[in-house]
Amino acid sequence: MTQAVTLFGKMLTFSRLKIQTDDLGQIRHELEQVLADNPIANGLPIVIDSAVMLELDALVDMLWLMDIQPIGVVSGVLDEQAKDLRLAILPADGKRIERLPHTKTDDSGKTAKPSEPTQPTTADSPDGADAEPAPVSVAAISTQQSTTLATAQDNSRALVSGIHTQMLRSGQSLQHLGGDLTIIGGVNDGAEAITDNSLHIYGRGLGRLVAGATGDKHARIFCQKFNPSLVSVAGTYCLRDAIPSEMIDQAVQVTYDEDQGLVFTLLKQL
């Protein structure tokens, strides 16, 4: 008998509409300007992220009339209205699937304090000759991304990093929750690598590269030869056309900053 349904994780692309006023007339006016400047945005699905209480049903009707597809809201003041309208409610920034910190057990059997994350070292010479290249930030689009669901873990389990030793080919989707993901071999166009922690790629990084998929703003992406179709950290993404040209095909680190969005830094060549 053929299976009726299949549930699987797949990265989806949709934008977040940040709202700071309950004036629908002002919202419509500003959206019309945005759509005029970015015609590609017409018809795209969006998630409503409102900091104020407003009439959600009226907003949804207005968006549909403007050829914008509202599919849900970011959890907050509109939760009850969203439930009544049967819209999806997505976690707010920084909220994520609960996971256990990496802990160690000493000889007495007691749990030791989790170790602090290792900070990257930087060269700091007086004359600046060996200084790290300046990071480049871009204004990226904030989005929510679906991920594979994780079940509750036993208290004795620590974070487990994943290692993939083959090339990710077009059409393949590699998803790992609960630790860093390392890929030895690279990621081809049309493939995607997704992790809720940091992503390390020893090879060429094409396709979709996603770190901090469930909201970890401290996640990073390290890529030996960087040229992805889409890059995302902690739900903020940008497409290949928006990546600074000096980063393409270079060894790059990608981080997230609250004020700057995605920050791209060239890694020093040894």
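Keep in mind it's a predicted model, so treat the numbers as computed, not measured.
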Stepwise side chain to side chain contact (heavy atoms under 4.5 Å, CB included) check, Val254 with Leu199: CA-CA 10 Å; Val254 187; Leu199 177 62; over 6 Å; no
**Request:** Measure the shortest side-chain to side-chain distance between Leu17 and Ile68 over non-hydrogen atoms and say whether it is less than 4.5 angstrom.
**Result:** no
Path from Ile183 to Tyr202 over hydrophobic side-chain contacts below 4.5 Å:
no
Should we count CD of Glu55 as having more than 12 external heavy atoms under 6.0 Å? no
d(Asp196 CG, Leu181 CG) to nearest 0.5 Å is 10.0 Å
Hphob cluster co-occupancy, Leu168 + Ile184, side-chain heavy atoms under 4.5 angstrom | no
Would you please test Ser173 and Gln175 for side-chain hydrogen bond (donor to acceptor under 3.5 Å, both in side chains) and show each step? CA-CA 6 Å; Ser173 175; Gln175 303 175 39; 3.1 Å; yes
Closest heavy-atom pair, Leu209 versus Leu206, reported as atoms and distance to 0.1 Å, is CD2-O, 3.4 Å
Ala82 and Ile89 have their tightest heavy-atom pair at CB-CG1, 3.9 Å
When every non-hydrogen atom of His176 is compared with those of Gly162, the smallest separation belongs to NE2-N, 3.4 Å
Same cluster (ILVMFWY, side-chain, under 4.5 Å), Leu56 and Met53:
yes
- Query: Does Ile243 reach the side chain of Val252, with side-chain heavy atoms less than 4.5 Å apart?
  - Reply: no
d(Gln20 CD, Glu30 CD) to nearest 0.5 Å is 10.5 Å
Side-chain heavy-atom pair Val263, Thr265 within 4.5 angstrom cut-off = yes
Nearest heavy-atom approach of Cys223 to Gly203 is SG-O, 4.0 Å
Exercise for review: Go through the steps to decide whether Val233 and Thr255 satisfy the test side chain to side chain contact (heavy atoms under 4.5 Å, CB included), and finish with yes or no.
Suggested key: CA-CA 7 Å; Val233 178; Thr255 57; over 6 Å; no
Here the gap from Arg220 atom CZ to Tyr256 atom OH, rounded to the nearest 0.5 Å, amounts to 14.5 Å
To the nearest 0.5 Å, atom CG of Leu267 lies from atom CE of Met247 at 9.5 Å
Distance col, row Leu174:CG vs His164:NE2, nearest 0.5 angstrom, shows 5.5 Å
- Are Val210 and Thr195 close enough that some pair of their side-chain heavy atoms sits under 4.5 Å apart? no
One should read off an interatomic distance between Asp249 CG and Asn227 CG, to the nearest 0.5 angstrom, of 5.0 Å
Residues passing the salt bridge (Lys or Arg N to Asp or Glu O under 4.0 Å) test with Asp189, sequence neighbours excluded, are Arg240
Do Gln253 and Phe222 come close enough that some side-chain heavy atom pair is under 4.5 Å? yes
> Considering residues, nucleotides and ligands other than Gln166, do more than 12 of their heavy atoms fall under 6.0 Å from its CD?
Replying inline: no
(Q) Test of understanding: clusters of I, L, V, M, F, W, Y form through side-chain heavy atoms closer than 4.5 Å, transitively. Do Val187 and Met167 belong to the same one? (A) no
For this session: Examine distances only and state if a side-chain atom of Asn197 and a backbone atom of Gly179 form a donor-acceptor pair shorter than 3.5 Å.
Result: yes
* Any side-chain heavy atom of Ile201 within less than 4.5 Å of one from Gln224? -> no
| message | Pair Gln81, Val73 - check side chain to side chain contact (heavy atoms under 4.5 Å, CB included), show working. | response | CA-CA 10 Å; Gln81 293 187 69; Val73 302; over 6 Å; no
_Exam field: side chain Asp180 to backbone Ser198, donor-acceptor pair closer than 3.5 Å_ = yes
Discussion item. Counting C-beta onward and ignoring hydrogens, is there a side-chain heavy-atom pair between Val77 and Leu54 closer than 4.5 Å?
Written reply: no
I want to check something: taking the side chain as every heavy atom from C-beta on, are Asp57 and Asp84 in contact at a cut-off of under 4.5 Å?
no
Nearest heavy-atom approach of Ser232 to Ile221 is O-CD1, 3.6 Å
Note: Leu78 and Val52 closest approach over all heavy atoms is CD2-O, 4.2 Å
